[in-house]
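Below: one structure, written as structure tokens.
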Amino acid sequence: MVRLIHTLADHGDDVSCCAFSAALLATCSLDKTIRLYSLSDFAELPYSPLKFHTYAVHCCCFSPSGHVLASCSTDGTTVLWSTHSGHTLTVLEQPGGSPVRVCCFSPDSAFLASGAADGSVVLWNAQTYKLYRCGSVKDSSLVACAFSPDGGLFVTGSSGGDLTVWDDRMRCLHSEKAHDLGITCCSFSSQPLSGGEGLQSFQLASCGQDCEVKLWVVTVTRVLGFELKYKSTLSGHCAPVLACAFSHDGKMLASGSVDKSVIIYGIGPQSVLHTLTQHTRYVTTCAFAPNTLLLATGSMDKTVNIWQFDLEASCQGSVNAPLRHFTEDWSEEDVSGWLRAQGLEDLVGIFRANNIDGKELLHLTKESLAGDLKIESLGLRSKVLRSIEELRAKMDSLSSGIPDEFICPITRELMKDPVIASDGYSYEREAMENWIHKKKRTSPMTNLALPSLVLTPNRTLKMAINRWLETHEK
């Protein structure tokens with residue numbers, strides 16, 4: 001299950017890119033600024049926004065350590081910033097002064113790549129800030145760039161539609177037409193594919209103006225050299241796809257589109273897990289956080305949405321994976337995924353047309369299936385009811401043995417988003433916020449006045465709950 005947990009609306013123009021480090025979220029915009037937020041509470045840092053660029057900022061990225069942030073702009077520069085202070089470390093000027101569209105660090109922090117509108121791509125020494133090597137593609141702008149997880153090569157994408165593979169000495173290894181109308185983004189999965197001795201394979205995603213997301217396998221061998229092989233196409237969007245990104249475990253791929261939606265695919269087996277439609281204009285960027293299931297999506301509506309996946313199992317290819325105990329919280333998309341997992345794909349359209357979410361699902365009866373949903377087949381109705389009964393049974397079994405410390409004192413239900421209040425007790429966030437909103441500024445447990453209304457995420461407790469759920473819902 002995925003849910004919107006925060007919306008940032010600080011930029012004054014289109015959001016062009018967002019990026020995560022282990023502790024921070026960076027966003028940049030056509031308003032010429034870069035903004036930094038803490039992941040603990042999504043509060044903007046005191047020295048944010050960062051201002052230097054004189055024109056639109058197109059891309060931003062963190063070094064692997066998270067200590068340095070890079071940003072690039074139409075002004076022809078790539079700027080490195082200290083994430084501790086917000087101070088400018090250096091300004092790298094693209095040869096020829098062409099607008100810089102994309103930048104990215106190598107996994108070992110040795111290099112920073114920058115690609116520009118004139119087709120030039122530069123490898124900078126990220127320690128000395130000196131130009132290391134440069135190359136170019138013909139008759140196209142460079143708009144996408146990504147390093148392989150081992151850092152041995154990197155891929156660029158052009159407005160002409162070509163994927164070009166370079167080694168760390170800036171030698172062009174391969175170029176291939178990937179998207180007829182132009183590439184907009186490319187991204188490597190951080191998880192290598194299994195291979196034999198002396199063989200390394202990585203999964204690469206590319207997206208483009210042709211409304212498609214394509215998956216590729218990049219293989220490097222000592223004997224055969226290099227190979228880029230097309231794997232499959234994901235065709236969920238109905239308009240150009242502007243951004244794509246893998247989750248940290250490689251099990252999900254998110255894409256954002258001109259159709260204003262974000263689609264989250266399960267990888268292996270491939271399936272649509274979620275479709276997010278909260279943005280009101282083109283979705284221009286998406287990024288997963290490292291080592292945790294947070295997703296940021298940015299848009300021409302000037303906002304950045306932060307999404308949270310409640311359990312890592314939710315990315316394992318079916319909506320059996322979201323918490324069964326929280327079936328009543330499922331969205332219509334979650335229900336659609338559950339139907340597919342049960343082999344009931346033919347009913348997805350009917351359930352969507354009738355806006356069946358988790359609560360509605362649990363209240364379905366043989367009468368409503370036949371009368372309201374007009375499912376004529378007795379066999380299909382029986383299979384749906386059996387599957388719903390299995391869900392209810394699993395929920396009941398799960399509820400019966402919940403440890404007391406996992407129960408919210410207010411709702412008496414298993415906590416999904418535990419927070420610590422100033423009385424020292426943990427509560428379900430929504431329940432405690434409602435308690436405070438109703439002007440009850442006393443502790444639900446002690447009835448004494450709360451010294452503070454600050455609620456702090458109890459991440460340790462949440463991890464313990466998730467581990468318990470993973471063990472007990474199997």
Side-chain angles (χ1 to χ4, degrees), residues 102 104 107 143-150 152-158 160-166 173-196 199-221 224 226-259 261-276 283 285-288 293 295 297 309 314-318 321 337 340:
V102 65
C104 62
V143 293
C145 183
F147 277 90
S148 62
D150 68 341
L153 52 84
F154 67 101
V155 174
T156 58
S158 75
D162 291 332
L163 277 178
T164 303
V165 184
W166 313 78
L173 302 179
H174 181 81
S175 188
E176 179 167 330
K177 179 72 73 174
H179 295 266
D180 289 336
L181 302 178
I183 291 171
T184 54
C185 185
C186 62
S187 176
F188 271 103
S189 170
S190 62
Q191 302 300 314
L193 300 174
S194 59
L199 181 147
Q200 290 180 304
S201 293
F202 308 102
Q203 191 154 222
L204 173 73
S206 65
C207 55
Q209 299 286 349
D210 56 7
C211 312
E212 294 181 340
V213 179
K214 292 185 177 181
L215 296 178
W216 310 79
V217 175
V218 178
T219 303
V220 180
T221 68
L224 300 177
F226 166 82
E227 181 183 46
L228 175 69
K229 182 181 292 186
Y230 166 79
K231 181 180 178 183
S232 61
T233 296
L234 306 174
S235 304
H237 290 290
C238 60
V241 186
L242 302 181
C244 61
F246 281 98
S247 60
H248 70 90
D249 57 9
K251 295 179 180 178
M252 287 189 293
L253 178 72
S255 60
S257 170
V258 169
D259 65 15
S261 75
V262 177
I263 295 179
I264 301 168
Y265 300 93
I267 301 299
Q270 294 170 17
S271 61
V272 174
L273 300 180
H274 307 281
T275 301
L276 312 177
V283 180
T285 180
C286 55
F288 279 99
L293 282 174
L295 172 70
T297 60
F309 297 79
S314 67
C315 65
Q316 293 179 349
S318 80
R340 294 187 187 98

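For clarity, every value in this text was computed on a predicted model and none was experimentally measured.
Residue Thr285 comes nearest to Ala243 through the heavy atom pair CA-CB, 3.5 Å, listed as atom of the first residue, atom of the second, then distance.
Taking OG of Ser247 as the reference point, atom CE of Met252 lies at 4.5 Å (rounded to 0.5 Å). To the nearest 0.5 Å, atoms OG1 (Thr233) and CH2 (Trp216) are separated by 8.0 Å. Put simply, CG on Leu215 and OG on Ser206 are 8.0 Å apart, with the number rounded to the nearest 0.5 Å. Distance NE2/His274 to CD1/Ile263: 12.5 Å, rounded to 0.5 Å.
Judged purely by atom type and a 3.5 angstrom limit, Ser257 has no side-chain atom pairing as donor or acceptor with the backbone of Ser261. Looking at Thr164, its side chain never comes within 3.5 Å of a backbone N or O of Thr156 through a donor-acceptor pair. Ser187 contributes no side-chain N or O that, together with a main-chain N or O of Ala205, makes up a donor-acceptor pair within less than 3.5 Å. Lys231 contributes no side-chain N or O that, together with a main-chain N or O of Lys214, makes up a donor-acceptor pair within less than 3.5 Å. With hydrogens and angles ignored, the 3.5 Å screen pairs no side-chain donor or acceptor of Asp210 with any backbone N or O of His179.
Annotation: Lys229, atom NZ; neighbour count of heavy atoms from other residues, nucleotides and ligands within 6.0 Å does not exceed 12.
Residues Ser255 and Cys207 form no side-chain contact, since every pair of their non-hydrogen atoms from C-beta on lies 4.5 Å or further apart. By the 4.5 Å heavy-atom criterion applied to side chains, Asp162 and Lys177 are counted as neighbours. Looking at Leu163 and Leu204, their side chains come closer than 4.5 Å, going by heavy atoms from C-beta outward.
For the residue pair Asp150 / Ser148, a side-chain donor-acceptor distance below 3.5 Å is found, with atom types taken as modelled.
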